[in-house]
Amino acid sequence: MSSSDGGRWLMKSEPDVFSIDHLRKKKRERWDGVRNYQARNFMRSMAVGDQVLFYHSNAEPSGVAGLARITAPAIPDHTALDPSSEYFDPKATPADPRWSMVEVGFVEAFPRVLALATLRQVPDLADLWLFQRSRLSIQPVERHHFDLIVSLGRQGA
DNA sequence: GCCAACGTTGGC
DNA sequence: GCCAACGTTGGC
């Protein structure tokens, strides 16, 4: 896979809930349950084919576990309208569902998770959003950052 | 399990 | 519209 002209993103998931191996088995998954406006707005700006760093959060170790890509653009997140869903939002309505989700497809898993602690030691990654915006679950990634992380991840760094 | 960071809510 | 209280995220 070479660099495309599309967008590049980092998306976090807790591997106990949904890991890169879950995505590998399912091939595609709807990224529902995002309840943060900034993250939602980034999803709305995604295009099919955009590349994604799949990040394991709250993990041992936390870090980038592999690559995914966007396989369907943002549509309303129906879980916000479902009272039985843990993601139910009483303020969401069919006319204004408030929240969005994209579909993500598996691309590859790194030989091992590229740990956050390792990323922090790479000088060229010093201004990665991940370090400053640690609570933002979906964020854009600069091309040079993305390519470097992919290179390190494939090496099993 | 602790706690810092920070987004959201709600009283005023 | 400010801001204190509260809840959540996520590293360690």
Side-chain angles (χ1 to χ4, degrees), chain A residues 7-26 29-46 50-70 74-104 106-142 144-146 148-157:
Chain A
R8 290 164 198 78
W9 309 94
L10 180 144
M11 299 176 78
K12 295 181 186 176
S13 181
E14 299 193 22
D16 292 347
V17 178
F18 191 79
S19 71
I20 190 84
D21 286 328
H22 292 125
L23 184 61
R24 190 210 312 264
K25 288 182 190 118
K26 291 200 67 177
E29 181 75 355
R30 288 178 163 180
W31 209 270
D32 59 17
V34 172
R35 296 293 179 267
N36 169 283
Y37 287 106
Q38 197 175 6
R40 180 202 70 178
N41 292 342
F42 282 135
M43 282 200 293
R44 289 181 176 179
S45 71
M46 290 174 176
D50 282 3
Q51 296 176 276
V52 175
L53 300 172
F54 193 113
Y55 183 91
H56 284 180
S57 61
N58 273 319
E60 192 52 53
S62 292
V64 180
L67 302 179
R69 68 188 169 87
I70 302 303
I75 59 171
D77 180 351
H78 56 78
T79 64
L81 300 169
D82 177 1
S84 69
S85 169
E86 62 178 313
Y87 302 126
F88 176 64
D89 178 354
K91 293 179 181 171
T93 65
D96 179 15
R98 282 184 114 204
W99 303 110
S100 300
M101 61 184 181
V102 293
E103 186 188 69
V104 169
F106 177 79
V107 174
E108 69 179 82
F110 291 157
R112 60 198 183 101
V113 172
L114 177 54
L116 178 63
T118 303
L119 295 174
R120 284 191 192 281
Q121 292 168 6
V122 180
D124 288 347
L125 295 176
D127 52 347
L128 194 66
W129 270 42
L130 183 64
F131 304 145
Q132 286 99 35
R133 319 292 285 279
S134 62
R135 292 189 48 197
L136 184 59
S137 63
I138 297 174
Q139 47 190 266
V141 180
E142 300 283 343
H144 66 284
H145 288 157
F146 192 99
L148 180 52
I149 290 169
V150 170
S151 164
L152 293 170
R154 285 178 175 157
Q155 290 168 28

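What's counted below: heavy atoms across the whole structure, side chains too, no hydrogens, waters or symmetry copies. From a predicted model like this one, the values you see are computed outputs, not experimental measurements.
The pair A:Arg35-A:Asp89 does not count as a salt bridge, with every side-chain nitrogen at least 4.0 angstrom from each carboxylate oxygen.
A:Glu29 places none of its side-chain heavy atoms less than 4.5 Å from the side chain of A:His22.
Contact annotation: A:Arg120 side-chain N/O to C:dC12 OP1/OP2 distance is under 4.0 Å. Taking only side-chain nitrogens and oxygens, A:Tyr55 never comes nearer than 4.0 Å to OP1 or OP2 of C:dT9. Distances shorter than 4.0 Å separate some side-chain N or O of A:Lys12 from OP1 or OP2 on C:dG10. Applying the 4.0 Å criterion to OP1 and OP2 of C:dG11, one finds that A:Ser62 has a side-chain N or O inside that range.
Proximity note for A:Asn36 (side chain, C-beta onward) versus C:dG10, B:dG7, B:dT9: the nearest is B:dG7. Side-chain proximity of A:Leu116 to C:dG11, B:dG7, B:dG10: nearest is C:dG11. When the nucleotides B:dT8, B:dT9, C:dC12 are ranked by their closest atom to the side chain of A:Tyr37, B:dT8 comes out on top.
Counting to the nearest Å, the P atom of B:dA5 and the CZ atom of A:Phe131 are 17 Å from each other. Rounding to whole angstrom units, CD of residue A:Glu60 and C1' of C:dC12 are separated by 9 Å. Following rounding to the nearest Å, A:Arg35 (CZ) and C:dT9 (P) show an atom-to-atom distance of 11 Å. Across the protein-nucleic acid pair, A:Arg133 atom CZ and C:dT8 atom P stand 21 Å apart, rounded to whole Å. The distance between atom CE of A:Met11 and atom P of C:dG10, rounded to the nearest whole Å, is 13 Å. At whole-Å resolution of the value, CD in A:Glu14 and P in C:dT8 are 13 Å apart. When the C1' atom of B:dA4 is taken as reference, atom CG of A:Asn58 falls 14 Å away, rounded to whole Å. If you take CH2 of A:Trp129 and P of C:dG10, they are 15 Å apart, rounded to a whole angstrom.
A:Phe18 and A:Phe54 have tilted rings, their planes meeting at an angle from 30° to 60° on a 0 to 90° scale.
In this model, no donor atom of one side chain and acceptor atom of the other lie less than 3.5 Å apart for A:Asp32 and A:His78. Counting only N and O atoms by type, the side chains of A:Ser19 and A:Asp21 include no donor and acceptor under 3.5 Å apart.
Using a 4.0 Å heavy-atom cutoff across all strands shown, A:Gln132 reaches sugar-phosphate atoms only and no base atom.
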